[in-house]
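Every value quoted in this text rests on a predicted model; they were computed, and no experiment measured them. Residues take their numbers from the sequence shown, with the count starting at 1.
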Amino acid sequence: MIYLSGLSVALALSLVPSCTEALKDGECEVCVGFLERFYQTLQDNDIKFDSDSIEKALLKSCKDAKGKENRFCYYIGATSDAATKIINEVSKPMSYHVPVEKICEKLKKKDSQICELKYDKQVDLSSVDLKKLKVKDLKKILEEWGESCKGCAEKSDFIRKINELMPKYAPNAAKARTDL
């Protein structure tokens, strides 16, 4: 009898979710951000909430994803070069309108790398001194704009190219800058 009650207590404790499973503030930043926007586009475009429709829409969204979001898509198997496929871990719960945070918690259990992804900090182009940035950061700015700097060898070349393109890609920052 004591054995049976001990077993039932162990079973009850295993069914109670532990505090460590819940996402901490700021954890799974890319997963939560990407899936929240994705869920909103599903609702905005009146996509049918079944696994197949969600999966197709997810594959389509991941084709356009860049940077950390593309890496997230790779981890869940929504890119053509991905080694694993756990897309159904997103599409099935989403078809039941499970909160995005819960989906990311589940994904974290499958692959911890998913929650290690963080968005890069955005540079405030209106106030930053471009001369103090690293070349890597200058290249990243151009990459975000979908531009490249062919023939750039010096840091000053990258700065010149950014200043040249800023009115097109960041007009408010270009107006606010005083050093142009």
Checklist line | Gln43 side, atom CD; Asn45 side, atom CG - distance, nearest 0.5 Å | finding: 10.5 Å

Next item on the list: Can you see which heavy atom on Pro93 is nearest to which on Ile103, and at what distance?
Entry: CB-CG1, 3.8 Å

Check: Side-chain contact, heavy-atom cut-off 4.5 Å: Met94 with Leu35?
Finding: yes

Check: Got a sec: does the NZ of Lys110 have more than 12 other heavy atoms crowding it under 6.0 Å?
Finding: no

Margin query: Is it the case that the side chains of Gln113 and Tyr75 hold a donor-acceptor pair, with the cut-off being a distance below 3.5 Å and no angle test?
Written below: yes

Note to self: With rounding to the nearest 0.5 angstrom, report the OG to CG distance, Ser95 to Asp52.
What the structure shows: 9.5 Å

Item checked: Pair Glu101-Val32, side-chain contact (heavy atoms from CB on, under 4.5 Å): steps then yes or no -> CA-CA 6 Å; Glu101 290 80 10; Val32 170; 4.0 Å; yes

Note to self: Is a donor from one side chain sitting under 3.5 angstrom from an acceptor on the other, for Asn88 and Ser91?
What the structure shows: no

Check: With sequence neighbours left out, which residue pairs that include part of residues 132-164 fulfil the ring-ring contact (aromatic ring centres under 6.0 Å, His included) condition?
Finding: Trp145-Tyr169

Item checked: Test side chain to side chain contact (heavy atoms under 4.5 Å, CB included) applied to Thr79 - qualifying residues, sequence neighbours left out -> Asn70, Cys73, Tyr74, Asp81, Ala82

Next item on the list: Please answer whether the main-chain N or O of Leu133 pairs with a side-chain N or O of Asp137 as donor and acceptor at a distance below 3.5 Å.
Entry: no

Notebook entry, point to check: Going by heavy atoms in the side chains, are Asn172 and Leu125 under 4.5 Å from each other?
Noted result: no

Check: Closest heavy-atom contact between Lys118 and Glu27?
Finding: NZ-CA, 4.2 Å

Notebook entry, point to check: Is it true that atom NZ of Lys155 has more than 12 heavy atoms of other residues, nucleotides or ligands lying nearer than 6.0 Å?
Noted result: yes

Next item on the list: For residues Ile76 and Ile114, report the shortest heavy-atom separation together with the two atoms involved.
Entry: CG2-CD1, 4.0 Å

Next item on the list: Answer yes or no: is the gap between the SG atoms of Cys104 and Cys31 smaller than 2.5 Å?
Entry: yes

Checklist line | Value rounded to 0.5 Å, distance of CZ in Arg160 from SG in Cys149 | finding: 7.5 Å

Next item on the list: For the pair Asp129 (side chain) and Lys131 (backbone), establish whether a donor and an acceptor sit closer than 3.5 Å, ignoring hydrogens and angles.
Entry: yes

Next item on the list: Output the distance between atom NZ (Lys161) and atom CD1 (Ile141), rounded to the nearest 0.5 Å.
Entry: 14.0 Å

Next item on the list: Inspect the surroundings of CD in Glu154 and state if more than 12 heavy atoms from other residues, nucleotides or ligands are less than 6.0 Å away.
Entry: no

Checklist line | Tyr39 six-ring centre to Arg37 NZ/CZ under 6.0 Å and within 45° of normal | finding: no

Next item on the list: For Ser127 and Asp124, run side-chain hydrogen bond (donor to acceptor under 3.5 Å, both in side chains): C-alpha distance rounded to whole Å, both residues' side-chain angles, the deciding distance at 0.1 Å, then the answer.
Entry: CA-CA 6 Å; Ser127 63; Asp124 182 14; 2.9 Å; yes

Check: Would you say the side chain of Val90 lies within less than 4.5 Å of the side chain of Phe34, judging by non-hydrogen atoms?
Finding: no

Next item on the list: Please step through salt bridge (charged side-chain N to carboxylate O under 4.0 Å, His left out) for the pair Glu55 and Lys92, ending with a clear verdict.
Entry: CA-CA 9 Å; Glu55 210 165 291; Lys92 189 166 281 188; over 6 Å; no

Check: Any idea which heavy atoms bring Pro167 and Asn163 closest together, and the distance?
Finding: CD-O, 3.5 Å

Item checked: Distance, nearest 0.5 Å, that separates NZ of Lys68 from CD of Glu116 -> 11.0 Å

Item checked: Student check: side-chain heavy atoms of Glu144 and Lys140 closer than 4.5 Å -> yes

Checklist line | Closest contact, heavy atoms only, Lys168 versus Pro171 | finding: O-CD, 4.2 Å

Margin query: For Phe49, is there any backbone N or O sitting under 3.5 Å from a side-chain donor or acceptor partner on Ser53?
Written below: no

Notebook entry, point to check: Roughly how far, to the nearest 0.5 Å, is the CG atom of Leu107 from the OG atom of Ser112?
Noted result: 11.5 Å

Note to self: Check whether Lys85 reaches the backbone of Gly77 with its side chain - one donor and one acceptor, N or O, closer than 3.5 Å.
What the structure shows: yes

Next item on the list: Go through the structure and list residues passing salt bridge (Lys or Arg N to Asp or Glu O under 4.0 Å) with Asp111, not counting sequence neighbours.
Entry: none

